[in-house]
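Lettering follows sequence order; numbering is per chain, from 1.
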Amino acid sequence: MERDYEVIVVGAGHAGCEAAYAAARLGCRTLLLTTSLDNIAQMPCNPAIGGPAAKSHLVREIDALGGLMGKIIDNSFLNIRLLNESRGPAVLAIRAQADKVLYRSLMTMALESQPNLDVRQAIVTQLLVEKGAVHGVRTKHGVEFTAPAVILATGTFMRGVLVVGQLRYPGGRQGEPAVEELSQNLEELGIRLARFQSATPPRLHADTVDYDRLTEQPGSPVPLRFSFDSLKEDRLQLPCWYTRTTPKTIEVIRANLHRSPIQSGSVVGHGPRFCPSIDRKVLRFPDKLDHQIFLEPEGRYTKELYCLGLTTAMPEDVQEEIVRSIPGLEKAKIMRPGYAVEYDYIIPSQMQLTLESRVVAGLFTAGQINGTSGYEEAAAQGIMAGINAARKVLGQEPVILRRSQAYIGVLIDDLVTKGTTEPYRMMTSRAEYRLLLRIDNADLRLRPIGRELGLVDENQYQRFEEKRRLIKETITWLNTTKVTPTAAVRAKLQELGSGDLKKSVSLAELLQRPELAFKDLAHFAAFPQLPAEVIEQVEIAVKYAGYVERQERQVAEFQKLEDIRIPENIDYMKIHGLRTEARERLSEVRPINLGQAARISGVSPADVSVLAVVLKDVTRYVS
Amino acid sequence: MTDQTIAAIATALGEAGIGIVRLSGSTALDIADRIFVTRHGIRPSTLPGYSVRYGRVVDPVTNRTIDEAILLVMRAPRSYTGEDVVEFQCHGGVVVVQRVLEAALREGARLAEPGEFTKRAFLNGRIDLSQAEAVMDVVRSRTEASLAVAVDQLEGSLSRRIGAIREHLYDLVVRVEAVIDYPEDDIPEMEMDEMADVIREGIAELDRLIATADQGKVLREGLKAVITGKPNVGKSSLLNRLLDEQRALVTDIPGTTRDTIEEVLNLKGIPLRLIDTAGIRESVDLVERLGVERAVQLLKEADLIIHVLDGSVPLTSEDFQILARTKDKQRVIVINKSDLPRVWNLSDLPGDDLQGAKVVEISLLEGELDPLVDGIVELVTHGMIREGTSSHAIVTRARHKAALEHAKADLEQALATLEQGLPLDLISVGLQGALEHLGEITGETVRENVIERIFAQFCIGK
């Protein structure tokens, strides 16, 4: 009984933490196993959350569903900023620099205090599988834990190899051992693996940097938070710093390229194009003569500075030369060298949209093991894997978010349906309906789902409902309150730099004028007191109504194909009229609906038409 | 699959007494309201099923009459497709029928996919399930045939010009998306004025393309039929006899090279642009004679090849060369001089190269032309889409034009958004929409290309 669980999560990185928390919150007896209790929710690369646009969206979505990431970063950031402010509400982003030690501690505390959840140190070496279904795990020490659902969230640990210059040695990440046995075990179970690589820059000692030669990047003066539940109060922030490489930097790199692992071939897996090493940047963009470098604190109680932009796995002496070629870093001391890590991942087309393996029943995977990159992408998969593993154990229907509903839906659908040739990062350009998937409305999109699942508690939900009610009432009020073109109104409009008014219009119509903001309406009508987050929603809803409606119509059109379900046991080989390539790809991905089928590369519009016909009377094609 | 209203020409292209444009879908009647005026001002949408009314099809923009027509209303589920169906029965002329179709497309109908009426009929239970596989074959073959033509059509200047617009738009979109997705990287932000200029240029170029892609004009110019064959087999006689006996519409289309003769004639209602490669046939080697490029280009661009062979003299390597070069085309192979003794048989021709060709034996000196005319008509209308227009090429062009018009509308929206001072995320909706519409012509996936190009173009990863 003591080693008998309902859900076992292997790995306590960002995916594993969310997965274990969600499964426990949904009522499953959950076990979280990690190779080191000291490194729960470790940030082995940049200790930052959010940043490039769609990552903030993922954090907000996780939070709306009832996950942890947003709340933990809100209580542990050192510096927080708004990005893309002028580029529109759909792509607005938040970036927070975390105190990595505090982040770890807060996450550890949240998990260790969670009822239903045991956290335990162990290295898992084998899955217990019988008749194609998982029923537990075995650890290096020979202990067996059982559960009908196991979530693997092992990050870069499977057959991890660290690379610095020509040197290669086993390791999951710096200072931690790799897990060798699990890969072999998965391969024996028939799961296909491939290799990716990733790298991180050197860390510098804060007292060895000449700040006079750097540009300061203060945090936002306006309080910002990721979580919908966090209070927005002022907090003392630490600055980040900015500098650029010099021609000398490029010279150093060029002179040593033969010692770079990317040149010498000592790194084999594909790396992420959005996060190239400085040596690769110099190689690929020879005309770019300087590259930006950000120096970011890693914690309040450490002198380590993250050196963003200087990712490299060059030998340490070259790293030192590179660092010292940069203004402000002439005397900087490296505390940790940069390095690359090469690791096994599971080719993601082998899983279902629920994140459950197609090969081994009850086995879920989340995070870098699925070929993604980034803490936010990992956490997003983690929460979904936790939800779906728990629901499977509890005999409930799985939850699959649609592409039109959440970036989480886009992420998982992309992985399963399209696969990936490099560590996958979320970008807003990947979403078809970007105007609908905003950070400001993540709660409107997903909180009701979080509540229904049982991840969002009553208090949180009441606050959300109140917000939703106010938004609705305010929009109605704007649509029904008329402004007549009196002399006073027309004068005021002129004063506000807005066009003249000829006939009476609603407040909503006035607000649609680009030059008018919600607060300007106070001049024309009795103005209700409203929270800022409600005003934000109302402004977006009214101002961008035309654009949003256009995308909503597109979603309705898109949804028609998504609604045509494909039975699980359909036999594509029997379907007359499908091309061979389409048969093979469809058999591999096994789409759940016609829309997903249409997104598979190698499936042509003609194949989709044939499928549509088949699905009308599918009984003869199922096995 | 979807209830968006679809439209197509339902009659074969030809001299038929009537031409039918058919609409099916939930807004078919609304569209009819906007483009059809009955004599007593009755709105088509108020008519019960199986009503027939006389009236005029009008262009909703100019309010001009396109044609007098009979309107037929069938209401769901009692129609061929099981949906609301409207038919306009017009006066047969291809140009008129095309214009009626265009009016329907402009009012929100989508051009039917190949076999789509049949497919809808099937999906709505109007066709027996036992016919499922037959339906699939139809869908499959028609879709592939039209895609093949789409690619053929893209050879040449249209594709180059669309390509140029797309490149400019990609540049724009990639810069916008790179800045949006990588706000902390040092990617130079585009000036709004510069962006507006690029969009305006795109709109202007699309306007020019739309004008040249005009269906009426294409149809007036006709399908491009190239007469080919080695010297002295009777190509000129063939052209002259066809012109003598058939009604010539226009002669000497301006802008064509002096090396070729182009004539337009109406062959049983099919407007045919006959291109004779006469005049440059005197040099020795076929390839040299035509100039490689010109010859290849002409044969490539042809909708139809009329290959003339002489049955009274032995075959030569030139004959075989032409056969091999044109084997992917719709072809009529004319074996001339049937009045003289034949010195070779059909079996002397390579079987592979003859596939799908229509073979006609004829004497251009004294015989009847009918077998040739019938052969051409059969070939042009063969395998064509029953409920679509009668030529893949024409369907494809209508599709292109619709895509170009949608792309233009999206660019106009992007420009308006930009001019109102609205942010990038909204401007990008129109830009990406335009790219996607242009992508419909080539079948490419814009979203992934944008991401590829961001990484190729910018040093991302601060």
Determine yes or no for a side-chain-to-main-chain donor-acceptor pair under 3.5 angstrom, with B:Asp425 supplying the side chain and A:Ala90 the backbone.
-> yes
CG/A:Leu83 to CD1/B:Ile180 distance, rounded to the nearest 0.5 angstrom?
-> 13.0 Å
Quick one: which residues of residues 429-436 of chain A reach chain B at under 4.5 angstrom, heavy atoms only?
-> A:Ser429, A:Arg430, A:Ala431, A:Glu432, A:Arg434, A:Leu435
Using non-hydrogen atoms and a 4.5 Å limit, figure out which bit of A:Arg87 sits close to chain B: side chain, backbone, both or neither.
-> both
Part of B:Val173 within contact of chain A (heavy atom distance under 4.5 Å) = neither
CD (B:Glu167) with more than 12 external heavy atoms under 6.0 Å | yes
Could you check if a side-chain atom of A:Lys560 sits within less than 4.5 angstrom of a side-chain atom of B:Gln4, using non-hydrogen atoms only?
-> no
State, with a plain yes or no, whether a side-chain heavy atom of B:Asp186 is found less than 4.5 Å away from one of A:Lys288.
-> yes
Tell me, out of B:Val176, B:Asp410, B:Ile427, who's got the most heavy-atom pairs with chain A below 4.5 Å.
-> B:Asp410
Name the region of A:Lys55, side chain, backbone, both or neither, that has any atom closer than 4.5 Å to a heavy atom of chain B.
-> neither
Against chain B, label A:Gln559 side chain, backbone, both or neither, depending on which of its atoms sit under 4.5 Å from a heavy atom there.
-> neither
Under the salt bridge (Lys or Arg N to Asp or Glu O under 4.0 Å) test, which residues partner A:Asp290, sequence neighbours left out?
-> A:Arg244
Residue set satisfying ring pair (Phe, Tyr, Trp, His ring centres under 6.0 Å) with A:His270, at least two apart, ordered chain then number -> none
Partners of A:Ser198 by side chain to side chain contact (heavy atoms under 4.5 Å, CB included), sequence neighbours excluded?
-> A:Val341, A:Tyr343
Spacing of B:Gln420 atom CD and A:Arg513 atom CZ [to the nearest 0.5 Å] = 11.5 Å
In Å, rounded to the nearest 0.5 Å, how long is the span from CE of A:Met427 to CD of B:Glu177?
-> 8.0 Å
Which of the residues A:Val91, A:Ile278, A:Thr428, A:Leu92 is involved in the greatest number of heavy-atom pairs with chain B at under 4.5 angstrom?
-> A:Thr428
Does CZ in A:Arg284 sit with more than 12 non-hydrogen atoms of other residues, nucleotides or ligands closer than 6.0 Å?
-> yes
Applying a strict 4.5 Å limit to non-hydrogen atoms, the region of A:Pro89 in contact with chain B is both
Charged N to carboxylate O under 4.0 angstrom, A:Arg425 versus B:Asp181?
-> no
Tightest non-hydrogen contact, residues B:Pro423 and A:Ser86, listed as CB-O, 3.7 Å
Less than 4.5 Å apart, any side-chain heavy atom of A:Tyr547 and any of B:Leu422?
-> yes
